[in-house]
Structures are given as structure tokens and as C-alpha cells.
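Worksheet: the structure to be examined is printed underneath.
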Amino acid sequence: MSAHAATIDHHHDPSTSTGIPNKKLLMWAFLASDCMFFGSLISTHLIYRLHPPAGNPDPKEVFAPALTSFSTFILLMSSLMMALAVNAIQKNNVKSCRWSLLTTIFFGAIFLTCQVYEFTEFVHIKKMTISNSLLGTTFFTLTGTHGCHVAIGVLWLALMYVRSFKPTSGGGGWFNHQLVHALALLATILLTMKVVLGFTFPIVEHGFTGAVLGAAAKTEALYILLTAAGYGFLTWLARPAGPVEFDERHAVDVETMGLYWHFVDIVWIVIFTAVYLLEYL
Amino acid sequence: MRLTSFLKTLLRWELAVLLVSGCLTSLAHASDKNFFVMDGHQSTIFVDGSVARSQNTVFYTTCAVTFVIFVLVAGTLAYATIKFKARSAADEHAEPPPQSHGNPLVEIALIAASVFALVIIAIPTLKSIWYTHDVPAEEKAKGNAYEVNAIGYQWWFKFEYPSVQINGAGTLVTANELVIPAGQPVRVNVRTTDVIHSFWVPKLAGKVDMIPNRANYLWLQADKPGYYWGQCAEYCGDSHAVMRFRVIALGPKEFNEWLDGQVAPARSVSSPVAASTAAKPQFASLRKPDSYKTNEAGITTKFDVNPLEAWRAKQFPEKNEDPALVGRGKELFKSKTCQNCHAIRGHGPLGVTAPDLTHFGSRTTLAAGLLENNTEQLHRWIHHPGAVKPGNKMQFGIGGMAGYQKKDDKGHWTQNIALTTDEELALVAYLESLK
Amino acid sequence: MAHDTTAKSEFLPKDSPAPAARPGLLWRPTAKTGLMSWLTTVDHKKIGFLYGVFALFFFLVGGVEALLIRAQLMFPNGDVLTAQQYNTMFTMHGTTMIFLAVMPLSAAFFNFIMPLQIGARDVAFPRLNAFSLWTFVAGAIILNIGWFLPADTHGAPDGGWFGYAPLTSKTFIPKHSIDYWVMGLQLLGVASIAASLNFIVTIINMRAPGMTMMRLPVFTWMTLITAFLLILSFPAITIALVELMMDRQFGTNFFEVSGGGMPILWQHLFWVFGHPEVYILILPAMGIVSEILPTFSRKPLYGYPIVVFSGACIGFLGFAVWSHHMFTTGMGAVATAAFSLLTMCIAVPTGVKMFNWIGTLWGGHLMMRTPMMFALGFLWMFMIGGFSGVMHSAAPADAQQQDSYFVIAHFHYVLIGGSIFALLAGIHYWFPLMFGRKVSEFWGKLSFWIIFIGFNVTFFPMHFLGLNGMPRRTFTYDPNLGWNTGNLVATLGAFMLGIGIAIYFAVMIYTYFKGEKVGRDPWDARTLEWSIPNPPPEYNFRVIPTVHARDAFWYEKHHQEEIAKETAEHAKDDEAHGGIHMPDQSIWPLVASVGLLIVGFGVTYFDSNPAPGIHAKLGTTLAGFAVVLVGIYFWSLEGNAGYHIHVDDKGNVLSDDHAKH
Amino acid sequence: MSAPAHAVAAHDHDVSKFQIYVQIAMLLAVITGVEIIAVFLPFAKWFLVTGLVVLSTVKFMFVIFYFMHLRWDKPFCTILFFIGLVLAAGTMWALIALFKAEASLPLPV
Ligand code: HEA
Ligand code: HEA
Ligand code: CUA
Ligand SMILES: [Cu+2]
């Protein structure tokens, strides 16, 4: 399906009283509510940072600014890709939209991987757990909740990507096809994260030497294979087929999802400043 | 249909009002006056302290202002309702009245009036907030403020006198009855280590919560010597309702005498222990502890006549003390592990998790102000504390310290402290002797 | 020009190719009667009705709990209940009345009436609406499940309705009762937020042509503001509950003093929610009263714009006063003063409403029907409750009143005299619309007077009890404190109130089956919901109305010819567009809610102790999540195609194209 | 009701959106970089805190107005979101102020 001139005004939906599509309005209202949600969580964290109990670990010693900066950057880039995905579908460019969605998913998964890595490091190396100090309690709950938001976002993106293959017409088979596709995509994302982490930990712990790499590769071999198979399968699933029921008329669905995704990004902007950067002053 | 028409007549609201006021008046005749006059022991209206008085003044201001507004607004409402009521079917089917929409001038005037009314309330409110917040600066400067600590536990109060230090035993500690100097500001630091409680002596001052990890305080000043009822005012679990206490305000001389008495270790009346001392027949007339109903009151009315005198009387030893029995009680207090939790200064190791009993006999109440401190009630308490005070820690233990019952490996409750009636009475006699 | 209000997008071409075949799993239920029709309904009226039924049921449950409380306190040293039972009773009474009675009863009206008032055929997201309903039911089940489980290890919640930490921590209440409370409220929160988002979108986006914001009926306006309060305040308690749950289940330190936690934080988070919550309870009531007074005065609402504006003001200010519940927590003089003054400010916009209601009566033709009686009762009682609120707002006075029966008196005046009176008025008022039958005036008024008198006899003495120092949440009291008469009177009043409410219910049930049938618009009312036949047809409006004025229906009645012509034209337009669009029924919202119920059960019922508890816990919880996911995934896959029906000018359904699916 | 065809109107600004998005992403990355470096520089604390708050707000606004299209959407979306944002920010501010007060200091252990 190639791009052709857009025919819809995406900023006015004549079927509603205000011209704002219902779904978009719903999402904005939800985000307003989510502000309070994160507001309460961030307040809790900051209040306890104002009054740290004796025996709290020093956040400066726990945090790893390089990693956090990296994942912040990644999340920003994912936002860019998300914006491009919306832009593409609004111009009826399904193919470009799919690629942008995939990239967004990819960045989202990297962010999550970083977070898994960060949490593991804090727990096992820095010895800060969710229950052994107040800092751990508020930090893990806040960033964990944000992580859950990201994970839901990735899930949503993945399902939207798969949905973009729904055929316009045909037998009931499309349903099973969608299901298989969705499961394959999710499994591949998880496998990829697992493999990346499987390499990262030994590298960080023992340095980047061939021996370690080899050892890691051996234990990871099965997962690498599976992951590769996953990508192959996905490519096959995404092969060009008949016309799909996904075009600029669905832009509002993508846009709504995009609003959610960007919001997760701006929450991170606040968390990055309030939780990480402020500690270094 | 006769019933219907009869009831219809009744429905005329004039009649209804008559009916209600009739009911109320007859009830009024049949009942206690303290309710209508609002001068009960915990009255916030008839107060005996400057802080409570300031709070009460604010209350009266709000009452006055809202009363005036009520008369005006409710009067208009009543007038409108009666005046514009459709009185007949014809009325109801008449042309609708003019469809008017409102008048901004009227609105603005009413808003202005409301704001004005609120300002009248706000001024004394602000004044009182600052007055009641802490001991007035000039009193503080003169060093007049007397400082005590009140610590809430599930479900009793500990009181500390940081200015009174006892050699080898730290701060002077007492429980459930706070004795303060009258006519002098008292600053109470309120603390807790378990759950939230609240320190409230209505006749002296409004409440302030005891919150874990928070340094709250309040101040109060009793006008004159007196005996005041206090109550935990924040829901704190099973026995919150019966977590009470008393405040006794004394004149300077009497207060200092009391302090001296408290600093002294517990009184000893024991004679050498007789192997098995049976309780004297005088106890035979005691009411059986098991005969009490759940929640049955543990106070007598003689108390209310002159509670301060009742308190004073308590400061002296009973006449019919039986040294042998007391001696046995003293031994039992050790052997039955009471002292793991309770301190009796001078008589052995000092338990800290339960009320200090050093001068227990000189208190007017026990079990956190729930029962009057007399032989009968003390017996009732020691016999089965859990029946008197639901969930009570003396029954079920505190942390690792077992009480009357403890949990076995399977998690079932089993008896830990078992007492015969004779043993109970010996303990009663012993505790009563601790003046 | 007619709006096809349920279609999600106008862009879907009407002549699109036959949609992809529907696999068996995405079966669309079509039953219009029987159990399945209720479980799969997406009709806002049916959902509203179900909300109402559940709410009234829980109102009775909460009422029975209240009667037990009163029975225990009838005499000093009463022993009807044990201390533990009593504590459970007031916790569940408060929680039930607020979350399971008043809120869903308001939601019932939001659902049933609001779309009709704005001239819509449904809410914006019909299936989301069903999901809200069933999640509410799931929450109610979790909240009450403890009643049926052993009291020593489970039991119903007993931490008070605001569950102050650290009493609610595992150290002090190790049994599961608090877990049920936490999870139950959590699910109710999900339900409320989902429903509110739906209402917001509906009101903003689904108005009939000509229905500008400043022509919205006041009830709809209050619905909108309430929905905003809900979505903005519930997150605070959600977070508080999450933190509490983490403390209880994963050993975190939010409110754990030994780890440096500050229990006072719970109070702040709770009341950041809690105070807006009380306006969530009263604003719908104010909306109802603002409909009833004009109707029975046969005059428009006095000062409509300012009534609307003051509603918004109350909502906004409501977020700035939460600490007035914490005057005794030692906040310091400055904070206390600030919250004291801000709280007083709320009396101004509330007063404005009061004045305008009286202004509405002024010069009207007051028809003293039962709904009007309840509405007038509201004015009186709410005013008194508001005044005692102002007394609380003066912090020094409140230091004596807080946690005493004075507070109990205050909030029962605003909650019963306010919310409940107005809701009972609303039931009477809209009963003819909902069921086509009218409640007998005689029995209606009789129940009103018994309730009115019983209510005052119950709660007025509580002011005196409070001032006389009686603390709340006490299962017993001694006879020498001057509280005996007050409690006795209150208890007698409560039983009288109970009789009044019993009569009210009996009459409603009788009327539902046997009541006098009435035609359209029995009250000569003013708003659009009365312009349709009763009970309303599934599609609500045969032709979407065009609104020309505030009090749209009143205008229609006085410009009949003009309107008739317009309607006929629009009917033709509609037919040309393929008839009336109706949303499809769906089972998936119910499935997702059942999933949440399983999650709730998994989190609460099982121990977090290592083996075997933790496995059962994880397993059940994950299974629940899986069900939720399946529900949501299928829900989105099945789409919201809908079908069309055609009706004649009498409103009879001629045909529908349901068969196509 | 305007048919979709009417809405095909002026969309010229859409052409350049791609560039706008990329530019903004770069800007955001740069601001983030500045923030990270700034915290390690020896400025006065109040200055840095203010700076961080301002920079984060700028980022925040860019994302919501451009990536989230508020700039091109009906103003009502902005109003709706800002109701939540302002209330949340106000509540956060009030909570933190309350806990900064002396009365809220936790007890020394
Ligand atoms: C429907 C619910 C509802 C409503 C509408 C209100 C309305 C108000 N409430 Fe109430 N409140 C509760 C439900 C409600 N409250 C509940 C449930 C609790 C207890 C929670 C618990 O502890 O369990 C509580 C507790 C509570 C407290 C804490 C008490 C304590 O625990 O110490 C305070 C303190 O300020 C307060 C104040 C107010 C005020 C100022 C109003 C105002 O909005 C009232 C405004 C109305 C009027 C004033 C009347 C009409 C106005 C006029 C006629 C105009 C002129 C009047 C003046 C200028 C004065 N309320
Ligand atoms: C909307 C909310 C609402 C409503 C409507 C009510 C209604 C009532 N409440 Fe409620 N109440 C609260 C909200 C509400 N309450 C809250 C939030 C608390 C604080 C809880 C806490 O501290 O945590 C509280 C606390 C509370 C207390 C204080 C308990 C304590 O602190 O120790 C009391 C005491 O009298 C009381 C009494 C009543 C009474 C008599 C009614 C009556 O109006 C009830 C009327 C209804 C009936 C009487 C039912 C009638 C039904 C029948 C007669 C049918 C019978 C049928 C069968 C038996 C099959 N309530
Ligand atoms: Cu302690 Cu209530
Ligand atoms: Cu409030």
C-alpha cells in the first residue's frame, strides 16, 4: 500500500460536538488523571527524600548516571518515532507507520531492558531492595510504576502493529492469524531482552573479554537461536498480502496510543530530574 | 380507606411538629440533665481551662454567626414555601409564572454578605489558633511551663515527668492518671510507638494526635485543682473505646507533696511469707468476677460526687491491710511473671512494656480509666483482663512477651498465666498496698 | 444534520465492502431479555438500572449495619455486639454507604438520565460503561467477602473507613480483613475512573445540536464536575492503597515507622482524595435538586450561570482544603490557619447555590409533590449540615469536635439530609420516566415525613453528644457522662428512620409492579429526558432533538409547530442515512471484570508466606490477569460496528439489520 | 454536518511536520545533555534547581505541544489536560511544603 494524499482533517471530527474524536478526548482526560497519579507517587518519593531516615543508602552511591542518561535519551527517541508513526498514518502511509511503530517498540524494549538491568544491579550489587530501606521503597515503587506504564505501552504498540495486518475481507482465519502474530511479536521482544541482558551482565561484571563472551554465548545459544527464529517468523508474517483494514481512518487509534506513549515519556522527564538529577546537586 | 384519611390529617405538618416536640419533651423529663445542659465530665461547653475556653469562644462565635444566617435564610425559605405554594388544583393548572432568570445584583450582594459573615468567624479563629498552638511566649520566658510527656500504647497511657529524675531509674513514670499543677501552663509532648492515638481532656483542651514518628505537643492550663476525664480520640484498634485516662490538677503545695511521694520507691508491707495464706473472709463478700456482663460498667456513682476527694483518699494506706497476704502477692507478682511487663520500683526488676505499678494503689482507676480502682474491680481485672478489655495485651501478650495466654507452635492460644482465686486475691491485696 | 451519536467515526464509508468474517470466538450476543441480556447489555439505561439496584441493595445493607450500631449504643455498656464486631460494623457501614450506596446511586442517575438530558442515544463508550458496572460489582464483592470467611484470620474490614496507617499495617491487623478493604476500594476506583472518563467524553462530545455548554441541564453539569473530581481525586487514594498494599504484602516501608516511614503521609494522601470525595457525594445531589425545584416551581432555575459556576468553584476549592480533616495532627499554626480559611471559603459558592434555589422558589407556583418535598427537605437539612461544617472549619473549635459525635452529626446531615434526600427525591422524580408508573402521592409523602422526622431525631442529638465529649467509634460508654438520653433518642430515631425507609422501598417495589400508569411528561417538566415516551425506548430519541434554549423541552412545549416541522425533516435525514445506529452487545467487558475479580481474590485471600501460600497467590493473580487481557483483547478485536434500526413515527421498531452479523 | 470531503482543506503545514519532529527531538536531547552536565558544575544550588525545573518544563511543554499535537488540536484538549496538570502540580507543591514545615520533622531515632 503506497502513500497517497491524505483526505481527512485529523484535527476535526464532525461527528462530535467539539470536533475532537471521542477516543482522543478520553485519552486526554485519562492523562489528566494520570498526572495526579504520578503526582502522588513523586510527592511520596520527594517527601521521604526530604526526611531520609538514618541508614538510608546515599542515592549518589546507588545511581548510575550514565545508564539513566542513556535510557532517557532512548525514551526521547522513541517519542520521536511515535510522532512519526502518527504522522505517517495520518498521511495514509501504512508501511512507514509500521516501521515507525517497530522502532518505537524497539526503543521501548531497550528502555525496559535498561530498567531491568538497573534494578538487578541495585538489588544485587548495591544491595538496595524494596524493603531494606525507605529509598528503595519509594524509588522502586515510583520507577517500577513508570516501568509498568512503559510495558503496557509496548504491549499496546505491539498489538497495534499486528492489527495493521488485519485483512479487509476474507475468511475467519484472520483472527487466528492475528493471535499468532501478536504472540510471536511479544515472545520475540521478551527473548531479545533476555539475550541482551544475558550478555550485559557478564560484560559488566568481568569486562569485555573473548572468554567471557564465549561463555555467555554458550549459555545463551538456545535463546539466541530462538530469537533469530522469532525474527524470521515475524518477517514471514509481515510479508505483503492483500489489502488491509488499516489506513488513515485508524489514525485516531494510533494517535491516541501515541498520546499515552508521549505521556509516559514526559513523566520520565520529570522523574529523571526529580529523582536522579536533583540528587547530584 | 378510613386509615388513609386519618393518616392524611396527621400528615398536616403542624401536627407532625407537635408530635415530635411532644415526644422530645416527655423524653426530657425522663432523663439525665447532663445531656441537655451539656455539662458532663467531658463537656466542651463547661470548661475549666484557658485553652478549652479559647476554643469554646470560637465555637460560640460560629454558632452565633450561623444562627443569624440560619434565621435569615431559613426564614426566607419558609416564607417562600408557604407564600408561593399552590393551594388548589386550579392553582396548579394556572398559567406558569413569569420565567425569570435571576439578578446579578442580588447575587453579588449575597456573596458579599457571606464573605462578611466568614470574616467575623475568621478573626477569632486566627487569634485562637495562635493562642492554643503553644504556651504563650511570656509564660515560657518566665520558665513557668511545666513539661510532661504522654505516650499512647494500645490501649493505655504512660506519663513521664522529664524534670523529675530518680536515681538509677531514670525519669519519673506513671500510667493512666496524669497529675499536673493547677494554674500553671502545662506542655504535654504526645508520642506513640504503635498506632495513632489522640490525647483529649475536653474540659482542659482540645485534642492533639499522638502519631508515630512525629513530635506533637499541646498545652493546657487548669484554672483550679480538679479531677478531669480524658479519652483517646483516634480509633486505635479493638479497645479504642475504653482507652481512657484522668487528669488530676493540684495546687502547688499538694502537687509537690505528690511528686515527693512518687519519687519514693514502692511501699513495702510484707511480713515473712506464710506458706499458704488463704484469703480472709472479708473477701468472701466480693462479687464473683465471672458474674459481670460483657462491658458492664466498672465505676460507682460515689465517684462522681467528689472525685477529687476520692482521689485524695486513695493516697493513704487501707486500714484493713493483711501483711501476710500482701507478702504472698508480692511473691506471686514475681513467680507469675507479672514483673516481665510491669515495673514496681524497689520490688524487683523493671518491666517496661506495661503500666508502671509502683504507686498503683494511689490511683483511682485501673485498666486505663475503665474501672474504678477498688478490690472488686481489681479482682475482676486480674481474673480475666481479656473479658474486661477486648483484645487486651495483658491477655494476649506484647511482642514476644507472653501474657495470660500465648500462642503455641500451631498458632492456637493456650493458657500461660493461671491463677487460683486465692492467688488472685493475694495479688489484689498486694497491688492495693502500693501507695 | 442529525447526529449519529454512537458511530465512532463518520469516515467509515457506509458502503464499505462486507467486513471480514466473524470468527466464532467473537460471537455477538443479541438477547434482549433474560439473564444474558443483562450480562451483556451496553444500553446506558439498563446499566443505570443495574447500578441503581445494586446501590439500593447496599444501602439496605449499610442501613442494617447502622441499625446494629445504634442498637449497641442504645444504652450505656451495651452488649449487642462485641468490640471487634462493632469496629467492623462502623468500618463497613461507612465504606458501604459511601462507595457502594451513594456513589453508585449517583452513577445510576448519571447513566440513566444524563444521556437523555443531552439528547444522545448512548454514552460515548457503551462497552466501557458495562465494564465500569461489572468492575464496581467485583469491588463490592471483594469488599464484603470477609463477612463470609472466618473472623480470626479473615473477617470483614475493621480499620475505619479512612483506614489510618499504621493501624492498618500487617503488624497491627495481621488478618486479611484490611486486604479486602484495600483491594475492594482499588477495584471500585478503577470502576469509577472508567465510568467518569466515559461521562466526560459523553457530555463534552455527544450533545445534540444546539445543546451548548451553557444550555446543559444543571444535573448534567454537576455530572460533569463530579466526573472530573473523580478522575482527579481517585488517583491519590489509588496510590495510597498501592503503598499500603506494598507494605502489607512486600514489606516496604511507606508507613513503617521502624524503616523511617511517616504514617501521617497516609492521612494526607487519603484526604487529598477524601475531601473531593465528599463533594463527589453532594454535587450530583445538588444537580438533582436543581432539576426538581424548577420543575415543581414551574420556573427556570434562578441564576443558572452562577449555579453552574459555583459548582465548578466548589469542585476546584475542594482540592485545596483536605487538611481540615487533620487539624489535630499538629500541622503547625500556619498550615492550620491556611486550611481553616480555605475551608471557610467553600461556604461562599455553596451559599450561592442555596440562595439561587430559594430564588427559584420565589414567585413560582410550587406544586408540593413528593419529589418536591424531598428537595425542600434537602434544602433545610443540607443547610444545617453545612453550618456544622463551617463550625468544623474553625480549627480551634474543631480541636474539640474532631472525632466526636459532632462530626458524626455534621456528616450525616450533609450525607443523608443532603445526598440521600436528593437521591430519594430523584428516584421519585424520574420513576415515571424510567418505568412509566407513578408513586402514590400519599405513601410518598408519608414515607417522606417519617424519614424526615426520624432523621432529625436520630442525628440532631448527636450534636449535643459531641459537644458533651462523646468520642466516635466507641463500642461502649459509661452511664455517668451525660450521654444516655442522647443515645437513646438517637437509636429510637434510627429505628423510625428505618421504618420510613422500609416504607419508601415497599412503595417503590409496589409501584414498579402495580403503580398507576402515567403518560409522557407527568410533571410538566423542562428538560429533554421528558420529551421521550416512558419507559424510554432502547434508542432513546426517534429523532435527535435540536436544542434552541436552556430548558429545551419547555421551549419545545411552547413552540410545538416549529419543532414538529424540524423533527419531521430530521427524521427523513436519518432514514436516508440508514436509520438509527445502535451499539452491539458484548460479553467481553464482563469477562475483563471477572478477571479483575479473580486478581482481587488472588491478591487478598492467599497468604504471601512462602509455600504453599505464595504459589496459590501468584497463580490465581496471574490467571486473573490473563482473563483480563483476554477480555480486553477480544473486546478490541470484535470492534464496535453496531447495527441500524428503523422506526416509524410512533416509535415502533420496524426492522433492524442485526441479522447481517 | 460537514462531509469528510470538506475537510480536505489546507494541510500544507503537514508537509513540514517531519522536520519539526526531528528538530524538536534534537532539541530535547540537547537540553537533556545540558541538564546532565549542569548538575556537576559548581553553581549555586538554588540556581541549579531553578535551572533544572525550567529546562524540564521546557522539555515537557515541547513534548505535549508538538509531539502530542496540542498546538494543532482544539484548545479544549489543552484545557482538559491542564486541569489535571495544574491540580497535580498544586497538590504536590502543597504536600511538599507541608512536609517541609518544622512540625513535620520526623522524630530523631
Ligand atoms: C456530602 C458530604 C459533605 C459535604 C457537602 C460537606 C461539607 C462541608 N464540610 Fe464536611 N465532612 C463530610 C462530608 C461532607 N462535608 C464527612 C463525611 C466528614 C467526616 C469524615 C470522617 O471523619 O469520617 C466531614 C468532615 C468535615 C470536617 C472535619 C471534621 C473533623 O473530623 O474534625 C470539616 C472541617 O472543616 C468539614 C467542613 C465542611 C465544610 C466547611 C463544608 C461546606 O461545604 C459546607 C457549606 C455549606 C453551608 C455553609 C450551608 C449553606 C450556605 C449558606 C446558607 C450561605 C451562608 C453561610 C455562611 C456564610 C456560613 N467537614
Ligand atoms: C452516605 C453515607 C451514610 C449514610 C446514608 C449513613 C446512614 C446512617 N448512619 Fe452512618 N456513617 C457514615 C456514612 C453514612 N451513614 C460514615 C462515613 C460513618 C463513619 C464510619 C467510620 O467511622 O469509619 C458513619 C458512622 C455512623 C455512626 C458512628 C459510628 C461510630 O463512630 O461509632 C453512626 C452512629 O449512630 C451512624 C448511624 C447511621 C444511621 C442510623 C444511618 C441511617 O440513616 C441508616 C438508614 C437506613 C436504614 C435504617 C436501613 C433501612 C432498611 C430497613 C429497615 C430494611 C431492613 C431490612 C431487613 C432487616 C431485611 N453512622
Ligand atoms: Cu488509642 Cu484510640
Ligand atoms: Cu472535608
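Just so we're on the same page: letters track the sequence lines, and every chain starts at 1. All heavy atoms count here, side chains included; hydrogens, waters and symmetry mates do not.
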Item to check | B:Lys207 (side chain) donor-acceptor with C:Thr328 (main chain) under 3.5 angstrom | outcome: no

Next on the checklist: Please classify the contact of C:Thr82 with chain B as side chain, backbone, both or neither, using a heavy-atom distance under 4.5 Å.
Outcome noted: neither

Next on the checklist: Between C:Glu441 and chain B, with a heavy-atom cut-off of 4.5 Å, which part of the residue counts as in contact: side chain, backbone, both or neither?
Outcome noted: neither

Checklist entry - For C:Pro305, is it the side chain, the backbone, both, or neither that has a heavy atom closer than 4.5 Å to a heavy atom of chain B? => result neither

Checklist entry - Hey, are the side chains of B:Leu77 and C:Phe355 touching, using non-hydrogen atoms and a 4.5 Å cut-off? => result no

Next on the checklist: Please classify the contact between B:Thr81 and chain C as side chain, backbone, both or neither, with a heavy-atom cut-off of under 4.5 Å.
Outcome noted: both

Item to check | Heavy-atom contact with chain C under 4.5 Å, split by part of B:Val106 | outcome: side chain

Checklist entry - For B:Asn295, does its backbone N or O pair with a side-chain atom of C:Asn77 as donor and acceptor, under 3.5 Å? => result yes

Checklist entry - Considering only heavy atoms, which portion of B:Ile196 lies under 4.5 Å from any heavy atom of chain C: side chain, backbone, both, or neither? => result both

Below 3.5 Å, can you tabulate the donor-acceptor pairs from side chains in residues 108-117 of chain B to any protein atom, sequence neighbours excluded?
residue  : atom : partner  : partner atom : Å
B:Ser114 : OG   : B:Leu110 : O            : 2.9

Next on the checklist: Using a 3.5 Å distance criterion without hydrogens, assess whether the side chain of C:Asp403 forms a donor-acceptor pair with backbone atoms of B:Glu234.
Outcome noted: no

Checklist entry - chain C: which of B:Pro124, B:Ser54, B:Ala205 shares the most heavy-atom pairs with it under 4.5 Å? => result B:Ala205

Item to check | Partner chain C: residue of B:Ser198, B:Gly237, B:Ala215 with the largest heavy-atom pair count (under 4.5 Å) | outcome: B:Gly237

Checklist entry - Is there a side-chain contact between B:Gln42 and C:Asn468 (heavy atoms, below 4.5 Å)? => result no

Checklist entry - So which part of C:Leu167 gets closer than 4.5 Å to some heavy atom of chain B, the side chain, the backbone, both or neither? => result both

Checklist entry - Of the non-hydrogen atoms in C:Trp380 and B:Ala74, which two are nearest, and what is the gap between them? => result CZ3-CB, 3.4 Å

Checklist entry - Heavy atoms, side chains only, cut-off 4.5 Å: are C:Ser404 and B:Trp200 in contact? => result yes

Checklist entry - Can you name the nearest heavy-atom pair linking B:Pro390 to C:Phe475, along with the distance? => result CG-CZ, 3.9 Å

Next on the checklist: Less than 4.5 Å to any heavy atom of chain C: does that hold for the side chain of B:Tyr79, its backbone, both, or neither?
Outcome noted: side chain

Checklist entry - Side chain, backbone, both or neither: which part of B:Asp134 has a non-hydrogen atom closer than 4.5 Å to chain C? => result neither

Next on the checklist: Please classify the contact of C:Phe162 with chain B as side chain, backbone, both or neither, using a heavy-atom distance under 4.5 Å.
Outcome noted: side chain

Checklist entry - Side chains of C:Asp478 and B:Arg244: does their closest heavy-atom pair fall under 4.5 Å? => result yes

Next on the checklist: For chain C, which candidate among B:Trp229, B:Tyr131, B:Trp130, B:Phe67 shows the most heavy-atom pairs at distances under 4.5 Å?
Outcome noted: B:Trp130

Item to check | Portion of C:Phe172 that has a non-hydrogen atom of chain B nearer than 4.5 angstrom | outcome: side chain

Next on the checklist: If we ignore hydrogens and angles and just use 3.5 Å, is the side chain of C:Gln84 paired with the main-chain N or O of B:Asp238 as donor and acceptor?
Outcome noted: no

Checklist outcome for this item: So, the part of B:Leu126 with a heavy atom under 4.5 Å from chain C: the answer is side chain

Checklist entry - Is the B:Phe70 ring parallel, tilted or perpendicular to the C:Phe387 ring (thresholds 30°, 60°)? => result perpendicular

Checklist entry - Tell me, do B:Thr125 and C:Met344 make a side-chain contact under 4.5 Å, heavy atoms counted? => result yes

Item to check | Closest non-hydrogen atom pair, C:Gly261 against B:Asn213 | outcome: O-ND2, 2.9 Å

Item to check | Distance-minimising heavy-atom pair for C:Trp362 and B:Ala80 | outcome: CE3-CB, 3.7 Å

Next on the checklist: Please classify the contact between C:Trp554 and chain B as side chain, backbone, both or neither, with a heavy-atom cut-off of under 4.5 Å.
Outcome noted: side chain

Item to check | chain B contact via C:Thr476 - side chain, backbone, both or neither, heavy atoms under 4.5 Å | outcome: both

Checklist outcome for this item: Cut-off 4.5 Å, heavy atoms of chain B, and the answer for C:Leu361 is both

Checklist outcome for this item: Taking every heavy atom of B:His133 against every heavy atom of C:Ala333, the minimum-distance pair comes out as NE2-N, 3.7 Å

Checklist entry - Do the non-hydrogen side-chain atoms of B:Lys85 and C:Met367 ever get within less than 4.5 Å of each other? => result no

Next on the checklist: Check whether B:Arg214 reaches the backbone of C:Thr329 with its side chain - one donor and one acceptor, N or O, closer than 3.5 Å.
Outcome noted: yes

Checklist entry - Who among C:Gly303, C:Pro300, C:Ala394, C:Pro471 has the most heavy-atom pairs with chain B under 4.5 Å? => result C:Pro300

Checklist entry - Would you say the side-chain atoms of C:Asp79 pair up with the backbone N or O of B:Lys293, donor to acceptor, closer than 3.5 Å? => result no

Next on the checklist: What part of C:Tyr477 gets within 4.5 angstrom of chain B, counting heavy atoms only: side chain, backbone, both, or neither?
Outcome noted: backbone

Next on the checklist: A side-chain contact here means heavy atoms from C-beta on lying under 4.5 Å apart; do C:Leu467 and B:Phe59 qualify?
Outcome noted: yes

Item to check | Portion of B:Asn56 that has a non-hydrogen atom of chain C nearer than 4.5 angstrom | outcome: neither

Checklist entry - With only heavy atoms counted, which part of B:Leu118 is less than 4.5 Å from chain C, the side chain, the backbone, both or neither? => result both

Item to check | Among the listed options B:Ser128, B:Cys236, B:Pro212, B:Ala233, the residue most often paired with chain C at heavy-atom distances under 4.5 Å | outcome: B:Pro212

Checklist entry - For B:Glu107 and C:Asn356, what are the C-alpha separation, side-chain angles and deciding distance, and is it a side chain to side chain donor-acceptor pair (under 3.5 Å)? => result CA-CA 8 Å; B:Glu107 310 271 6; C:Asn356 281 292; 3.0 Å; yes

Checklist entry - Between B:His41, B:Met243, B:Lys203, which residue shows the highest count of heavy-atom pairs closer than 4.5 Å to chain C? => result B:His41

Item to check | Note, B:Gln231 side chain near C:Thr474 side chain (heavy atom, < 4.5 Å) | outcome: yes

Checklist entry - Would a line drawn from the ring center of C:Phe90 to the ring center of B:Tyr235 be shorter than 6.0 Å? => result yes

Next on the checklist: I need the residue from B:Ala78, B:Cys232, B:Pro97 with the largest number of non-hydrogen atom pairs under 4.5 Å to chain C.
Outcome noted: B:Pro97

